[in-house]
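Below is one structure, written out as structure tokens, with a few remarks after it.
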Amino acid sequence: MDSTVQIGLVVLIYVTAILLILIAVFLIKLIYTSTILAKNLSKTSEMINQELEPTLVELKETLGSINSIVKNADDGMEKVKGAMDKVLCVPFMIGQKMRGLFSGLKEGLSLGIKLFRK
């Protein structure tokens, strides 16, 4: 029985050694692949930063142009609004004065008619 136990232990040691070697090989391959991935990610992030900077500058210029166009349009609308207020205000002022004139004429006529009735 000693020899079977001894053979079993030797087989167990060999199988364990082979498994440890396989695990070490896979770990080394994983570390190597992870290193390559990290380098590629670093290069990719550098490229994105280089391409993003000019794009952001152009976007900033475009937004400045759009902002100036909107500001000019807003100023123009304010001018139109002021002009429309002036144009619409004149007929109302004339209407108020005409109402006062007509009410004065009406009172004068009614007083004249009352004067001649007596």
Side-chain angles (χ1 to χ4, degrees):
M1 214 120 151
D2 286 332
S3 67
T4 23
V5 172
Q6 191 176 14
I7 293 173
L9 287 175
V10 169
V11 169
L12 181 65
I13 290 172
Y14 285 134
V15 169
T16 305
I18 291 171
L19 286 176
L20 286 175
I21 291 171
L22 285 174
I23 290 173
V25 167
F26 283 123
L27 282 176
I28 290 171
K29 186 177 179 183
L30 177 66
I31 291 171
Y32 178 73
T33 307
S34 299
T35 305
I36 291 173
L37 177 65
K39 287 179 184 177
N40 287 339
L41 286 175
S42 176
K43 288 179 184 178
T44 304
S45 66
E46 288 175 8
M47 283 182 7
I48 288 173
N49 283 338
Q50 289 173 355
E51 293 296 324
L52 194 60
E53 188 174 333
T55 305
L56 288 176
V57 169
E58 290 178 13
L59 184 62
K60 186 177 179 180
E61 291 175 3
T62 304
L63 287 176
S65 300
I66 291 172
N67 191 20
S68 67
I69 290 170
V70 169
K71 192 171 185 179
N72 288 339
D74 191 38
D75 291 341
M77 289 301 291
E78 287 296 324
K79 289 178 184 176
V80 168
K81 183 180 174 185
M84 291 301 288
D85 286 343
K86 289 179 184 176
V87 167
L88 292 177
C89 186
V90 170
F92 288 125
M93 289 183 351
I94 291 172
Q96 288 175 349
K97 292 187 182 207
M98 292 298 274
R99 190 179 332 152
L101 179 67
F102 285 130
S103 66
L105 285 174
K106 181 179 161 185
E107 286 180 29
L109 283 174
S110 67
L111 288 175
I113 291 173
K114 283 182 185 178
L115 179 67
F116 287 114
R117 270 193 184 172
K118 292 185 181 184

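On a predicted model such as this, the values are computed, not experimentally measured, just so you know.
If you chain together hydrophobic residues whose side chains sit under 4.5 Å apart, Val11 and Leu19 fall into the same group. By the criterion of side-chain heavy atoms lying less than 4.5 angstrom apart, applied directly or through intervening Ile, Leu, Val, Met, Phe, Trp or Tyr residues, Val15 is grouped together with Ile7 in one hydrophobic cluster.
Here CG of Asn72 is found 9.5 Å from CG of Asn67. Values are rounded to the nearest 0.5 Å. Note that OG1 of Thr55 is 11.0 Å distant from CD1 of Ile48, once rounded to the nearest 0.5 Å. With rounding to the nearest 0.5 angstrom, the CG atom of Leu9 is 6.0 Å from the CD1 atom of Ile13. One finds the CG atom of Leu27 at 11.0 Å from the CG atom of Leu22 (value rounded to the nearest 0.5 Å). Atom OG of residue Ser45 and atom CG of residue Asn40 lie 10.5 Å apart, to the nearest 0.5 angstrom.
The environment of CD in Glu51 is sparse: at most 12 heavy-atom neighbours from other residues, nucleotides or ligands sit within 6.0 Å.
You'll find the side chain of Val57 reaches within 4.5 Å of the side chain of Glu61, heavy atoms only.
The shortest heavy-atom contact between Ser68 and Ser65 is OG-O, 2.7 Å.
Although no hydrogens or angles enter the test, the distance criterion places no donor-acceptor pair under 3.5 Å between the side chain of Ser42 and the main chain of Ala38.
Listed by chain and residue number, Ile31, Lys39 satisfy the side-chain contact (heavy atoms from CB on, under 4.5 Å) test with Thr35 (two or more places apart in sequence, or in another chain).
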